[in-house]
Amino acid sequence: MISGRPEKRRRPAAADDEDTSTCSSSWDDMVQCISSSGGTVHSSLTFSSSSDRSVKTTSNVSAGTILMQIPSSCLLSSNAECLTATDYGIRLIDAVNLASQQQRLCNNISDLLLAFFMAHTAAQSNTNQLVSSYLATLPPPISYNGIPRRWNEDQLTSLLGGTSLLRQVRADQRDLRSDYDTISASWNAGNDQNTSTSTTPLPSSQQFDDMFAAVSSRGFAGLGSDDGTIDAMVPLLDLLDHRRGAGCKKDVRYRRTRTSIVPSKQDNGTHETVSSTVIEVVADKDLPAGSIVHDTYGAKGNGQLLSRYGFCIDNNIEPDGSSNDVVEFVAKEGSPAVELRTGPKAYTYGGFVRALEVFLDDGDGGKGHDGCGGDSGGATSSDEPDDMMAFLNQCDEEDAGGFDMLYGNGMDDKESDDGDGDGGDDGDDNDDGGSAEAIKAECTALGRLSTALGRARDRYSLKGKDLQEGLDKKDFSPQYCAAVLVQSERRTLQLFQLAADKIRRRLQGEREDGGGGSSS
């Protein structure tokens with residue numbers, strides 16, 4: 001799971017083979033399990049069994065209303081009694097611990113444990129009522145096929161070619177296969193040493209993959225323990241859809257807390273109030289009748305959303321105008337990736353300067369990166385960041401919004417589509433003096449940066465007609481999600497390319513006017 005604030009995935013639409021009447025029944029069964037454990041679910045909440053699979057309100061709900069109190073006994077986690085108190089669960093924990101000692105596991109150990117346990121439980125006919133009721137609320141495995149890790153190779157290369165996400169997805173595939181094989185070997189070794197016990201096999205790799213997709217995309221980080229170190233599956237809360245972006249306010253807030261609850265029946269047959277840890281879900285604003293109740297997973301880029309949850313958000317912009325999408329830009333072979341993000345200068349400046357420094361640090365002003373020659377500059381890289389910041393600030397003061405193509409988010413993707421910008425023109429070579437040489441070096445580096453950004457925009461497999469067809473789908477299919485991701489990345493690269501061109505033209509204008517350029 002992703003560390004940090006609790007997270008879960010977007011509710012996928014019901015699959016063609018999913019019985020929506022069963023979906024509604026599973027909600028009722030899970031509500032009954034929570035109630036019998038002393039928890040509560042507000043009577044105005046219902047689960048829509050239509051294709052949108054959403055939690056909705058049937059009556060008006062005021063801000064501050066407690067919508068759910070889910071007892072910790074209803075959570076599925078690596079320390080849950082349903083796992084730790086069963087023979088199979090204990091042997092599974094031993095196998096995973098042994099595997100982690102023999103070889104470093106690539107994925108979160110709690111996630112791996114839960115995925116194996118849930119896959120095993122789903123295949124059994126006689127299981128814990130709580131676990132079986134929770135599993136019944138999950139969508140069918142096909143709904144997780146939007147996660148790129150489950151795409152075939154043709155889909156990956158044709159849709160994600162050119163994105164940094166492609167490299168991550170292939171690593172995810174490789175790591176999960178490795179973890180499954182390592183734990184399987186440990187499990188089999190344990191069976192060989194304990195011939196007196198049942199030799200129940202592990203779930204198949206496909207069954208495990210299905211449940212790992214459920215765990216990694218629906219689990220909440222830190223809600224499984226008071227110290228926040230254990231993750232958990234939280235029934236019903238994980239049915240809320242995601243909503244994020246400019247103008248969107250969260251519908252609910254939730255926390256792990258202690259409160260008094262009344263289980264339906266104590267061990268002695270009485271109904272007594274007890275203190276228990278619960279996950280408390282509260283309405284964060286007024287919710288009119290018929291509202292779909294949303295959660296928010298925090299500020300996540302489309303690359304994160306797609307790889308973890310299987311969906312993307314068009315115009316993934318925060319209220320302050322910053323994009324959540326980050327492009328990992330490799331300025332030239334062998335250089336570290338630089339994260340580029342559009343928005344106010346606080347978000348863009350650092351990435352811009354780091355990308356520019358790749359070419360300022362070249363002794364040949366970038367010669368060799370794109371096969372074009374270039375005169376070497378006389379500036380030292382240690383002086384350039386302060387000089388460039390001063391120059392950008394000066395431009396802001398002289399021309400409010402003068403760099404809005406870098407600090408804004410409204411660029412038309414059709415502009416500058418040749419991919420090369422103005423790059424390559426190093427300006428007039430007749431100026432004398434250290435400042436002139438420094439400006440000349442900056443202009444050379446900016447030209448090389450522009451060219452590199454343009455070429456990066458051309459590297460994507462999904463472009464032109466295919467890109468537009470994907471955007472037109474608007475159905476959260478792999479084609480649509482990949483198109484949203486690619487378009488966002490290409491626009492980000494374009495915005496930085498145009499900014500590099502404009503800064504270079506301004507610097508060249510100062511040289512031609514006899515100005516001193518950036519201060520030294």
- Do Thr492 and Arg341 have side chains that get closer than 4.5 Å, going by heavy atoms? no
- Counting distance only, does the side-chain N/O of Asp286 pair as donor-acceptor with the main-chain N or O of Ala63 below 3.5 Å? yes
- Going by atom types only, do Tyr134 and Asp238 share a side-chain donor-acceptor pair under 3.5 Å? yes
- Message: Between Tyr180 (side chain only) and Ser205 (backbone N and O only), is there a donor and an acceptor less than 3.5 Å apart?
- Response: yes
- Polar side chain donor-acceptor pair, Asn97 to Gln101, under 3.5 angstrom: no
- Item | Residue pair Gln206 / Asp210, side-chain donor-acceptor N/O under 3.5 Å | yes
- Query: So, do Phe220 and Tyr254 have ring centers that fall under 6.0 Å from each other?
  - Reply: yes
- Task: Identify the heavy atoms of Ile147 and Arg308 that sit nearest to each other, and give their distance.
- Result: CD1-O, 3.9 Å
- Output the distance between atom CG (Asn145) and atom OG (Ser477), rounded to the nearest 0.5 Å. 12.5 Å
- Ignoring hydrogens and geometry, is there a side-chain-to-backbone donor-acceptor pair from Glu489 to Val486 under 3.5 Å? no
- Query: Does Asn324 use its side chain to pair, donor to acceptor, with the backbone of Ala299 at less than 3.5 Å?
  - Reply: no
- Task: Pick out which of Leu67, Val282, Asp284 makes a side chain to side chain contact (heavy atoms under 4.5 Å, CB included) with Val252.
- Result: Leu67
- Just wondering, do Thr342 and Arg491 contact through their side chains at under 4.5 Å, heavy atoms? no
- Query: Does the Thr57 side chain pair with the main chain of Gly290, one donor and one acceptor, at a distance under 3.5 Å?
  - Reply: yes
- In this structure, are over 12 heavy atoms from other groups packed under 6.0 Å from Gln207 atom CD? yes
- Task: Look up atom CG in Leu165 and atom CD in Gln304, then write down how far apart they are to the nearest 0.5 Å.
- Result: 10.0 Å
- Would you say His294 and Asp241 make side-chain contact, with heavy atoms under 4.5 Å? yes
- When rounded to the nearest 0.5 angstrom, what is the spacing between CG in Asn79 and OG1 in Thr229? 8.0 Å
- Message: For Asn107, is there any backbone N or O sitting under 3.5 Å from a side-chain donor or acceptor partner on Asp179?
- Response: yes
- Task: Check whether any side-chain heavy atom of Leu92 lies under 4.5 Å from a side-chain heavy atom of Trp187, and answer yes or no.
- Result: yes
- More than 12 non-hydrogen atoms from neighbouring residues, nucleotides or ligands closer than 6.0 Å to CD on Glu81, yes or no? no
- Might you confirm whether atom CD of Gln102 has over 12 heavy atoms from other residues, nucleotides or ligands at distances under 6.0 Å? yes
- Below 4.5 Å, heavy atoms only, C-beta onward: do Thr257 and Val278 meet side chain to side chain? yes
- Just how far is it from atom CG of Leu130 to atom OG of Ser37, taken to the nearest 0.5 Å? 6.5 Å
- Query: How far does CD of Gln32 sit from CE of Met30, to the nearest 0.5 angstrom?
  - Reply: 10.0 Å
- Query: Hey, what do you get for OG (Ser186) to CG (Leu98), rounding to the nearest 0.5 Å?
  - Reply: 3.5 Å
- Query: Are side-chain heavy atoms of His42 and Val281 found at a separation under 4.5 Å?
  - Reply: no
- Item | Donor-acceptor contact below 3.5 Å, side chain Thr58 vs main chain Ser44 | yes
- Message: Check whether Asn188 reaches the backbone of Ser184 with its side chain - one donor and one acceptor, N or O, closer than 3.5 Å.
- Response: yes
- Item | Any side-chain heavy-atom pair of Asp314 and Tyr480 under 4.5 Å | yes
- Salt-bridge present (Arg258, Asp226; N to O < 4.0 Å): no
- Are the side chain of Arg490 and the backbone N or O of Arg457 linked by a donor-acceptor pair below 3.5 Å? yes
- Heavy-atom closest contact (Ala483 atom, Gly470 atom, distance): CB-C, 3.8 Å
- Of the non-hydrogen atoms in Thr84 and Ser78, which two are nearest, and what is the gap between them? CG2-O, 3.7 Å
- Where is the tightest heavy-atom contact between Ser164 and Glu328, given as atom of each residue plus distance? CB-OE1, 3.7 Å
- Task: Flag the pair Leu159 / Trp151 as yes when at least one side-chain heavy-atom distance between them is below 4.5 Å, and no otherwise.
- Result: yes
